[in-house]
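Quantities reported herein were computed from a predicted structural model and do not represent experimental measurements.
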Amino acid sequence: MAFTLYTLIQTAILCINAIAVLHEERFLSKMGWGADQGVGGFGDDPGVKAQILNLIRSVRTVMRGGASMASTTLQNCSVHLNK
Amino acid sequence: MDLPHHGYRATKPRARAAPPAGDSVLFDDTSSAPPVMNSQGFYTPGHNMAGPPNDMHGGSAVNNLFTDPMANAAMMYGSSIANQGKDIVNKEISRFMSVNKLKYFFAVDTRYVLKKLMILMFPYTHQDWEVRYHRDTPLTPRQDVNAPDLYIPSMAFITYILLAGMALGIQKRFSPEVLGLCASTALVWIIIEVLIMLLSLYLLTVHSDLSTFDLIAYSGYKYVGMIFTVLCGLLFGSDGYYVALVWSSCALMFFIVRSLKMKILPSISSDSMGMGSNNKPQLRLYITVATAVFQPIIIYWLTSHLVR
């Protein structure tokens, strides 16, 4: 499997995109992973699930900024290049 | 002396006023020295050449007069611009990574490198795996053989690329693009491994003092095993390859488990308030073991196509 750095960037962008499109109400709450469920622990070991939820929420917040533009431009470039 | 390090030595002392503003001159100002064609005895060094250029005659004096203040001013300007550029570059780089931290990883010496290589290949007799500290800062690799460094991984990486080129050349499959491909593949695998480690350490809220550079260092140690494996494969054929693969895998797994155990798994002194190992210490053990098991897989993956 020959990787290039471009493949790595593509993979990273696609993964972040996948995390960012997990919809809050339709999907995560149904599975009991909503933002208001079970994040109450204020000790210093929030637990794996709370950490994952934090990660998802922060990725979504960052992506709602300019990073989503960067990812769409990168995907357009990759489509253009792979022709 | 404030002679700049990449100027050439002035052959004649300066005729003009003192060098401008001390040590910011990039190169010596020899344009104010009297020209070589001058027949008068201006070559006496150490004399304060107070003789102004009106002693010279001919067009050379005009040249000197003309170019001299301009050249002086241009040089001062250029050197100050260069200094500003240097400061800007340093500032920008230190925004992304602290250069001091990086320097710590390259403070190695020969004795350390030799001992570390021996430990990497034969870790079973090494007794003490603790990284020693000195008033809260970890000791440099020069003083502590357990400290991770970045010299061995980077050198091993480059050697691996060269070896891969050689191995492919032996099989008559070489072309320059393959070299770049091999290099970027290996680099990408390191990046993936470091990212996965960072992610898992974050998710399990392991408060260890493993920085990113430490993880890069520990991931890079497998290149030493890879080089050894490829060499044995080239010298002794396919059997030698598998024997060396098994040997270096076991050695590397042992090394990684022993090194990371100190850092990741909770020690006796609990970090949080009496809650010792928070999230089920088995998860931390799984991380350590998973990292260790990942090494032979990668070694096999990246070297098997070189030895047929």
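Only the side chain of B:Ile191 comes within contact range of chain A, with heavy atoms under 4.5 Å apart. With a 4.5 Å cut-off on non-hydrogen atoms, A:Leu5 touches chain B through its backbone and its side chain both. Proximity to chain A (any heavy atom under 4.5 Å) is shown, for B:Leu195, by neither the backbone nor the side chain.
A distance of 6.0 Å or more separates the ring centres of B:Tyr151 and B:Phe106. Ring centroid separation for the pair B:Tyr221 and B:Phe255 comes in under the 6.0 Å cut-off.
Taking the ring pair (Phe, Tyr, Trp, His ring centres under 6.0 Å) definition, one finds that B:Tyr242 meets it with nothing, sequence neighbours left out.
Between B:Phe157 and B:Tyr223, the angle of the ring planes goes over 60°, which puts this pair in the perpendicular group of the 30/60° scheme.
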